[in-house]
Amino acid sequence: VQLQASGGGLVQAGGSLRLSCAASGRTFNFYMMGWFRQAPGKEREFVSAISRGGGGIYYADSVKDRFTISRDNAKDAVYLQMNSLKPEDTAVYYCAAGRNTPYSSSSSYNYWGQGTLVTVSS
């Protein structure tokens, strides 16, 4: 699976961004999809994940009630709607595809996009 993330940019605190991740190469709906992020000087961390059919949705506590993950299997795409952004959300955001558990571990994902930078100014 090839993944292409987009939608990052510079936004003021309190603003919103919508990240997209387009997939190609293999059957998209075989895979759980996840979003991770990596801030400068920090380790990559789990943000959100969605099961193959979309019925299972998971969030890190730090983004719960602010971010919404969704997927469109007809378009081979996954999205991350980010609202009420905070400066601490500044990071490179990666989409990933996998078939293992736990959904919150980066080692459960086999395929990764190139990342898209989100910068939130205070």
Side-chain angles (χ1 to χ4, degrees):
V1 177
Q2 290 80 48
L3 302 173
Q4 180 75 35
S6 61
L10 174 63
V11 63
Q12 289 188 329
S16 298
L17 281 174
R18 187 188 192 218
L19 305 184
S20 298
C21 178
S24 62
R26 286 181 182 237
T27 307
F28 179 69
N29 61 7
F30 279 2
Y31 297 94
M32 173 179 64
M33 297 299 298
W35 286 98
F36 288 75
R37 66 186 181 187
Q38 188 166 18
K42 295 188 176 181
E43 293 187 353
R44 188 172 299 188
E45 65 174 2
F46 169 75
V47 175
S48 183
I50 187 167
S51 63
R52 293 181 294 172
I57 290 178
Y58 314 95
Y59 297 102
D61 288 342
S62 58
V63 307
K64 201 172 294 183
D65 299 326
R66 299 189 298 123
F67 290 11
T68 302
I69 192 171
S70 61
R71 67 187 293 163
D72 187 337
N73 286 345
K75 296 183 178 180
D76 290 352
V78 62
Y79 309 99
L80 187 68
Q81 177 67 42
M82 306 186 295
N83 298 330
S84 302
L85 283 161
K86 305 175 181 180
E88 51 264 43
D89 294 318
T90 295
V92 176
Y93 284 71
Y94 299 89
C95 60
R99 301 189 65 183
N100 299 313
T101 56
Y103 56 82
S104 58
S105 172
S106 59
S107 62
S108 298
Y109 297 83
N110 306 100
Y111 305 98
W112 292 82
Q114 85 290 357
T116 185
L117 177 62
V118 172
T119 304
V120 184
S121 63
S122 57

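Quick note: residue numbers are just sequence positions, from 1.
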Distance-only donor-acceptor pairs under 3.5 Å for side chains of residues 115-122, two or more places apart:
unit_1, atom_1, unit_2, atom_2, d
T116, OG1, G8, N, 3.0

Can you pull out every disulfide bond (SG atoms under 2.5 Å apart) where at least one residue sits in residues 39-76? Sequence neighbours excluded, please.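 Those involving residues 39-76 do not exist here.
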Could you list all the disulfide bond (SG atoms under 2.5 Å apart) pairs where at least one residue sits in residues 17-77, not counting sequence neighbours?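 Applying disulfide bond (SG atoms under 2.5 Å apart) to every pair that reaches into residues 17-77, excluding sequence neighbours, yields C21-C95.
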State which residues pass side-chain contact (heavy atoms from CB on, under 4.5 Å) with [X]; sequence neighbours excluded, sorted by chain then number.
X	value
Q2	S24
A22	none
N110	N100
K64	Y59, D61

I'd like to know if Y94 and M33 are part of one continuous hydrophobic network [Ile/Leu/Val/Met/Phe/Trp/Tyr, side-chain heavy atoms within less than 4.5 Å].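 Shared cluster, no.
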In terms of hydrophobic clusters joined by side-chain contacts under 4.5 Å, are M32 and W112 together?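 Same cluster: M32 reaches W112 through Ile, Leu, Val, Met, Phe, Trp or Tyr contacts under 4.5 Å.
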Which residues pass the salt bridge (Lys or Arg N to Asp or Glu O under 4.0 Å) test with E45, not counting sequence neighbours?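 Scan of E45 (salt bridge (Lys or Arg N to Asp or Glu O under 4.0 Å), adjacent residues dropped) gives R37.
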Partners meeting salt bridge (Lys or Arg N to Asp or Glu O under 4.0 Å) with R66 (sequence neighbours left out):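 Counting only residues at least two positions away or on another chain, R66 forms a salt bridge (Lys or Arg N to Asp or Glu O under 4.0 Å) with D89.
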Restricting to non-hydrogen atoms, name the atom on [X] and the atom on [Y] that form the minimum distance, rounded to 0.1 Å.
X	Y	result
V78	S70	CG2-O, 3.1 Å
Q114	A5	NE2-O, 2.9 Å
L85	V11	CD1-CG1, 3.6 Å

Keeping R71 on the side-chain end and S51 on the backbone end, is there a donor-acceptor pair under 3.5 Å?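 The answer is yes, because a donor-acceptor pair under 3.5 Å joins these two groups.
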Are any side-chain N or O atoms of S105 and backbone N or O atoms of S107, one a donor and one an acceptor, separated by less than 3.5 Å?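 Side chain of S105 to backbone of S107, a donor-acceptor pair under 3.5 Å: yes, one is there.
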Sequence neighbours excluded, every pair satisfying side-chain hydrogen bond (donor to acceptor under 3.5 Å, both in side chains) that has a member inside residues 74-85: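 Only S16-N83, Q81-N83 qualify under side-chain hydrogen bond (donor to acceptor under 3.5 Å, both in side chains).
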Which value, rounded to the nearest 0.5 Å, describes the distance between [X] atom [atom1] and [Y] atom [atom2]?
X	Y	atom1	atom2	answer
N73	R52	CG	CZ	10.5 Å
Y111	R99	OH	CZ	9.5 Å
L10	L17	CG	CG	9.0 Å
F36	S48	CZ	OG	9.5 Å
L80	L19	CG	CG	5.0 Å

With sequence neighbours left out, which residue pairs that include part of residues 8-28 fulfil the ring pair (Phe, Tyr, Trp, His ring centres under 6.0 Å) condition?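 Listed by first then second residue: nothing to list.
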Ring pair (Phe, Tyr, Trp, His ring centres under 6.0 Å) partners for Y103, two or more places apart: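 Partners of Y103 under the ring pair (Phe, Tyr, Trp, His ring centres under 6.0 Å) test: F46, Y58.
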Verdict with reasoning, Y31 to Y109, per ring-ring contact (aromatic ring centres under 6.0 Å, His included): CA-CA 9 Å; Y31 297 94; Y109 297 83; 10.0 Å; no
Can you confirm if the aromatic rings of W35 and F67 lie within a centre distance of less than 6.0 Å?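 So the answer is no for these two rings.
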